[in-house]
Structure formats: structure tokens, C-alpha cells
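Here the structure is a predicted model, which means the values were calculated and not measured. Every number for a ligand or one of its atoms is a count from 1 in the order of the listing.
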Amino acid sequence: MVDVRDAAKALAGAGRVVVFTGAGMSAESGVPTFRDALTGLWERFDAQALATPQAFEDDPDLVWGWYEWRRSLALRVAPNPGHEAVAAIEAHAPHTVVITQNVDDLHEQAGSTAPIHLHGSLFTPRCATCSRPAEPSREAAPEEGRRLAPPRCEHCGGPIRPGVVWFGEALPAEPLEAAVQAATECDVLLTIGTSGLVYPAADIPVVAAKFGATVIQVNPQPTPLDAVAAFNLTGTAATVLPALVSAAWPLS
Ligand code: BV8
Ligand code: ZN
């Protein structure tokens, strides 16, 4: 694949690299993407309808049960060679910033030091009323998925909610500012496994391109980000990323 070699040259020559990831990054670890239809108890719902404050208010047990099922799944799966390739990029290119829309913490499991979480994490629950952080529960949720009543806050008795950003909620200010800052400064931005449909996250590769970065996209499908990508590597994270890294740093 000529493109991989040319993209690898740009990556190896970059002073500052941003790696921007979406749900496709974790697909080969066995974590369903947002595009994938929901299954089991939640199959009649659309993720965008369930990932909202309204849904949690209307039916906390259904929503909390969904997040606990996703958290248990994230604990059962392993990072894939794509996550490992991202950690390898951080090792080869010292000024690499990983920005993720994912909440499964698989980048951390693969050795990425401090990914920026634009949409929070499944592992930082907090009280929906007083926002005090709560401990993620130790027992795993049943594999088939079940409605689960959210635990109550020890301090105020409010319901515990997942530490993710729901649709209609503002993104956390510091991570968003840090992500935009990194996008304006980088020479190369890799966008991996995102449909580029959800804002403001989807603006990050656009900002990078506007500030002169070379955008490399890895996705089996076309996305709106094709328009800003200098290289569109058609394929999956777990196959393309390791090839990109070994072409960029052959002796590694
Ligand atoms: C905001 C965490 C404003 C939760 C997520 C009405 C009211 C308010 C806001 C809006 C509104 N209408 C529109 C908006 C804006 C809205 C938005 O953008 N909507 C879209 C649908 C148009 N945005 C928001 O609501 C944001 N907040 O705007 O607030 C505001 C401001 C101030 C004060 C108050 C309010 C919040 C958005 C964050 C929502 N939370 N996640 C959870 O995880 O449950 S979003 C979630 O979906 C993901 O995090 C991700 O960001 C997004 C899209 O998912 P992707 O990661 O891209 O994955 P997806 O499944 O879509 O695609 C997978 C891709 O991978 C595909 O391209 C596929 O081809 C590819 N792929 C598949 N397999 C592989 C692969 N690639 C590589 N390898 C493979 N193997
Ligand atoms: Zn509380």
C-alpha cells in the first residue's frame, strides 16, 4: 500500500503528533461501536437516545445497567494491536498527544500514559446530585445485561451516574482546551476509527488541518473527515496501525 509508506514518512518526520481516536479503535477488542446496533436489553434503543441526561432521569436502572454492562465488558476485553501501535507511536515520537472519544480506558491498558478523555470514562462514576466522585463497583455486571438500580451517594443520597459526557452535556473544559491546543500545534494528526459525526470532538481533525497539519485517517469506511485527510488509509485499526508504525520506524 503506497499510501501507508507515504503516510509513514510524514509520521516519522513529524515533530508533534496527535492521535485522535473513536469507537472503531476498540472494535477489534470486541467493544461495539456507537454505529453498531445495541443488543439485548437495549436493542430497541438508539445509543444517542440512551446516552442522555433525560434517559437517566426517565429510567435510571435501564441506563445504569447499560453502563455497568459496558464497564464490565471493557474490563473483560484486552487492548488490540491498534492500541499497542498507538503506545509505540508515543514511544517513538516524544511529542505525541493522544485524544480519545472512547470511555473504555483501553489506551491506558495498552500503555498510553495520559490520553485526553473528551467524553469521560466508564471508570469515574460520580454523584448525579453533588458530583462527588464514587467508587466503581467491584463486581461485574451480568453478561447478558440487566436493569440495575444506580448506587446512592454516601454523602447526599443522590443517584450515582456514569462519568461520561452525555449528548446535550458540555464537554469538560480543560480536556477540550488541551485537545484544541494540541491540534493547533501538531505536524501530523492521525484520526482513527471515528465517524466524525459528533461535535465538538469531530472538529479536532478539522482544526489540525486548518493549522497546517497533515491528517492521516484510518477507517474501513469513508467519513466526513475524508475531506481534510491528506492520507485515507482504508482498513482497520488493528491491521493498518501496526503496518504504519513498522514502516515509519523500521528498525524498531
Ligand atoms: C454538546 C460518551 C452542547 C457517552 C459520547 C441538541 C442538543 C445539544 C447538543 C446537540 C444537539 N444536537 C446536536 C448536538 C451536538 C451533539 C452532536 O454532535 N450530535 C450529533 C449526533 C450531531 N453533541 C453533543 O451533544 C455534545 N455536547 O454539544 O453540548 C452544550 C454546550 C454548552 C453547555 C451545554 C451543552 C456531547 C457529545 C458527547 C456525547 N457522548 N460518548 C457514552 O460513551 O455513552 S459520543 C460517542 O459517539 C462517542 O464518544 C463518539 O464521540 C461519538 C461517535 O462515536 P465514534 O467514536 O465516532 O464511533 P462511531 O460508532 O460513530 O463510528 C465508529 C467508526 O469506526 C466508524 O467510522 C467505523 O467505520 C469505524 N470502524 C469500525 N470498525 C473499525 C473502525 N475503524 C477502525 N478499525 C475498526 N476495526
Ligand atoms: Zn451526592
Out of all atoms in ligand 1, which are within 4.0 Å of some heavy atom of [X]? Include the element for each.
X: Ala27; value: 73 (N), 80 (N)
X: Arg70; value: 42 (C), 43 (O), 44 (O)
X: Gln48; value: 21 (C)
X: Gly22; value: 56 (O)
X: Glu28; value: 78 (N), 79 (C), 80 (N)
X: Gln221; value: 69 (O)
X: Ala23; value: 55 (P), 56 (O), 58 (O)
X: Trp166; value: 36 (C), 39 (C)

Kindly confirm or rule out an N or O of [X] lying under 3.5 angstrom from an N or O of ligand 1.
X: Gln101; value: yes
X: Trp66; value: no
X: Tyr199; value: yes
X: Val165; value: yes
X: Leu171; value: no

Worksheet, complete the sentence: A student comparing His119, Arg35, Gln217 should find that the heavy atom closest to atom 61 (O) of ligand 1 comes from Arg35

Worksheet item: For Ala201, is the nearest heavy atom under 4.0 Å from an atom of ligand 1?
Response: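 So Ala201 does not count as touching ligand 1.
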
